Amino acid sequence: MSACTALLYSMPMRILFASSEVWPFSKTGGLADVAGSLPQALARLGHEVLVVSPWYSGLKRAEPFWIGDIEVPFSGFFEPAGVGTWEQDGVRYAFVGHDFFRRDSLYGYDDDAARFSLFSRALPQVASRLSFTPDVIHLNDWHTATVALVLERGWHLPPGFAYLPSVFTVHNAQFQGEATLAEMAWWLRLPDSIDRTWLNRFGRANAMQAALGTATRVTTVSPTYSREIQTPGFGFGLDASFRSISHKLSGILNGIDQTAWDPQTDAALPVNFGPESVHKGKAAARSLLCSRHGLDPARPIVAAISRLADQKGMDILVDAAPELSRLGLSLFVLGSGDPGLERRLADLAGQDPNIAVVLGYDDPLSRLVYAASDLLCMPSRFEPCGLNQMIAMRYGSLPLVRATGGLKDTVRHLGNGFTFEDASVDDLVRAAREAVSTYGTDKWALMQETALGEDHSWERSARQYERLYSGIVSG
Ligand code: ADP
Ligand code: GLC
């Protein structure tokens, strides 16, 4: 590293961080956790960060200060939208208010592509309204993916935004944001010539592919996933596009907020614990969970805390459940999603006293389950990073995971957890059998100690993003 580059690394930058969800204000999954903690870690490194997210009607733990309207170049005209701001832990947040976001859920509507086109198109206007001219703009997932293209081709950009360096992070390549080319051009106010850009995927507009072509750098949330998406099995049709940008593609592993996830202070636990008192703390959590849900406290508990989606392989866990029970394990599942899976899980719980299921999203309960469980199972078909396994280790629960994506990068078989190769019942049960035979031995105690000692703080990853930003800002 030259002296000049070293100097640049330490120079404070202005970073605009765009995300469709941000913890603790809105959350459906790990993207919110990342948007909640990476900007704070960057702020601790001395950078000025503005996080921009939609102002959903169900926004929690923030009462944004309304600073007025902006005019968003959208759908051929200028669309009024509100802007509210909020400050917390050294980070400034701006929320974009519009009828599009006054709904019961964050996503899942027919007009999602239009909703997030408006949000994307609002970003430069919001920043400009706050007199925030960024050095770099960090985009996350398909919802904000078209911004990189807009910075290159869009009309009505505030001064300082055209050709701004951008980083696009892929948290999940399964969701890409599609519409017709004509619709996307109309919403985003782009010239017709966009038909001949990366936005065009077989005659349709694909937001994620647009960012692959136009963002200055592309990252994924683990090194293994950055290689996997370049293969047909993981690229969801974009593997060739990922291969063709491999020169600017890299993987940076997520961290977790180790203050928010800390068994020493977690208010949801009956007894707080640290590495010295792990036995006592976990026993208290286990006895509370078992008494509440009718499980036998003498049996080791394997838990799953998850969206019930194909990605997560929860159908494999359901198929393996009777065998896990025969192995002497109790199974506790907290999750929501696919109605068919929800039904199957409820049936299982009705049939076997060693299986308990809570359908829904419940943060305090998830904390009790991390603490009470001995194993946390993630039979994911693909897992860009995964945060649950890192949280589990922090609470002394050993991950039992399929070796894919970020799970492969964070879990070492018989080191800090158990891994298996195939997303199949046989492989899962084989690894569970190994876990059961290790349970209660010195080896288990050592593995638990190793897991508890893992450092998954954001600092290291934030440094990697800092290097990435400064490389493109100076370049
Ligand atoms: P993904 O974003 O793909 O769902 P991650 O592992 O990155 O997966 O993040 C999941 C996050 O959501 C974690 O913070 C996890 O604890 C939380 N979570 C998932 N399902 C539930 C649930 N049913 N109740 C509470 N928290 C949940
Ligand atoms: C996505 C991925 C998950 C990742 C999260 C945060 O939701 O499914 O693996 O941990 O984003 O990057």
Side-chain angles (χ1 to χ4, degrees), residues 17 19-24 26-39 60 106-107 138-143 168-176 208 219-226 228-229 234 236 251-258 260-261 266 268 303-314 317 332-338 341-342 345 356-371 373 376-395 397 399 401-402 404-411 456 458 461 465:
F17 192 96
S19 174
S20 58
E21 51 185 273
V22 52
W23 190 84
S26 55
K27 172 168 169 174
T28 67
L31 171 60
D33 292 290
V34 174
S37 33
L38 172 59
K60 294 184 186 68
L106 270 56
Y107 320 118
H138 190 152
L139 310 165
N140 293 278
D141 268 351
W142 76 265
H143 319 90
F168 173 62
T169 297
V170 179
H171 296 261
N172 193 330
Q174 183 174 19
F175 307 107
Q176 301 174 358
M208 183 164 283
T219 65
T220 65
V221 285
S222 68
T224 294
Y225 191 60
S226 75
E228 288 175 340
I229 51 173
F234 290 88
F236 286 96
I252 300 179
L253 198 65
N254 286 334
I256 52 169
D257 181 338
Q258 301 207 129
W261 296 105
D266 197 323
I305 301 169
S306 183
R307 288 188 286 120
L308 303 178
D310 187 59
Q311 172 192 347
K312 301 290 177 181
M314 296 302 281
L317 183 62
F332 190 99
V333 180
L334 167 61
S336 62
D338 181 84
L341 267 179
E342 289 194 353
L345 279 165
V357 172
V358 174
L359 298 175
Y361 187 94
D362 187 332
D363 182 81
L365 177 59
S366 78
R367 292 165 181 275
L368 180 66
V369 175
Y370 284 122
S373 58
L376 183 97
C377 185
M378 299 176 75
S380 305
R381 292 198 163 79
F382 70 96
E383 197 59 75
C385 180
L387 303 175
N388 297 25
Q389 79 279 14
M390 299 192 240
I391 301 171
M393 287 188 235
R394 196 146 166 78
Y395 285 67
S397 180
V401 303
R402 170 156 187 247
T404 182
L407 299 173
K408 191 168 179 171
D409 293 340
T410 50
V411 185
H456 291 125
W458 265 105
S461 311
Y465 281 110

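In listed order, ligands and their atoms are each counted from 1. None of these values were measured; they are calculated from a predicted model. Position 1 is the first residue of the sequence; numbering continues from there.
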Val34 heavy atoms within 4.0 Å reach ligand 2 at atoms 6 (C), 12 (O)
Distance from Arg367 atom CZ to Ile391 atom CD1, nearest 0.5 Å?
8.0 Å
Value for OG (Ser37) from CH2 (Trp23), rounded to nearest 0.5 Å, stands at 8.5 Å
When rounded to the nearest 0.5 angstrom, what distance separates CE in Met378 from CZ in Arg402?
12.5 Å
So, Phe236 versus Phe382, ring centres under 6.0 angstrom or not?
yes
Would you say the side chains of Asp310 and Gln174 form a donor-acceptor pair under 3.5 Å?
no
One finds that the ligand 2 atoms under 4.0 Å from a non-hydrogen atom of Gln311 are 8 (O)
Ranked by distance from atom 9 (O) of ligand 2, the top protein heavy atom is Glu383 OE2, 2.5 Å
Proximal atoms of ligand 2 relative to Asn172 (non-hydrogen, under 4.0 Å)
8 (O)
I'd like to check whether Cys385 has a polar contact with ligand 2, where a contact means an N/O of the residue lying under 3.5 Å from an N/O of the ligand.
yes
Rounded to the nearest 0.5 angstrom, the CE-CZ distance for Met208 and Phe168 is 4.0 Å
For each nitrogen or oxygen atom of ligand 1, which protein N/O atoms lie closer than 3.5 Å, and how far apart are they, rounded to 0.1 Å?
unit_1: ligand 1; atom_1: 2 (O); unit_2: Gly30; atom_2: N; d: 2.5
unit_1: ligand 1; atom_1: 3 (O); unit_2: Arg307; atom_2: NH2; d: 2.8
unit_1: ligand 1; atom_1: 3 (O); unit_2: Lys312; atom_2: NZ; d: 2.8
unit_1: ligand 1; atom_1: 4 (O); unit_2: Arg307; atom_2: NE; d: 2.8
unit_1: ligand 1; atom_1: 6 (O); unit_2: Leu387; atom_2: N; d: 2.8
unit_1: ligand 1; atom_1: 6 (O); unit_2: Asn388; atom_2: OD1; d: 2.9
unit_1: ligand 1; atom_1: 8 (O); unit_2: Lys312; atom_2: NZ; d: 3.1
unit_1: ligand 1; atom_1: 9 (O); unit_2: Gly30; atom_2: N; d: 3.3
unit_1: ligand 1; atom_1: 14 (O); unit_2: Lys27; atom_2: NZ; d: 3.0
unit_1: ligand 1; atom_1: 14 (O); unit_2: Asp33; atom_2: OD2; d: 3.2
unit_1: ligand 1; atom_1: 16 (O); unit_2: Tyr370; atom_2: OH; d: 2.8
unit_1: ligand 1; atom_1: 23 (N); unit_2: Gly360; atom_2: O; d: 2.8
unit_1: ligand 1; atom_1: 24 (N); unit_2: Asp362; atom_2: N; d: 3.0

Roughly how far apart are Thr219 OG1 and Leu139 CG, rounded to 0.5 Å?
10.0 Å
heavy-atom search around atom 2 (C) of ligand 2 in the protein gives His171 O, 3.2 Å
Cut-off 3.5 Å, side chains only: do Asp409 and Thr224 have a donor facing an acceptor?
yes
Given Leu387, Asp33, Leu31, the one that forms side-chain contact (heavy atoms from CB on, under 4.5 Å) with Asn254:
Leu387
How are the rings of Trp261 and Tyr395 set to each other: parallel, tilted or perpendicular (split at 30° and 60°)?
perpendicular
Closest candidate by heavy atom, reference atom 6 (C) of ligand 2, pool Asn254, Leu253, Val221
Asn254
Could you find the nearest protein heavy atom to atom 10 (O) of ligand 2 and give me its residue, atom name and distance?
Gly386 N, 2.8 Å
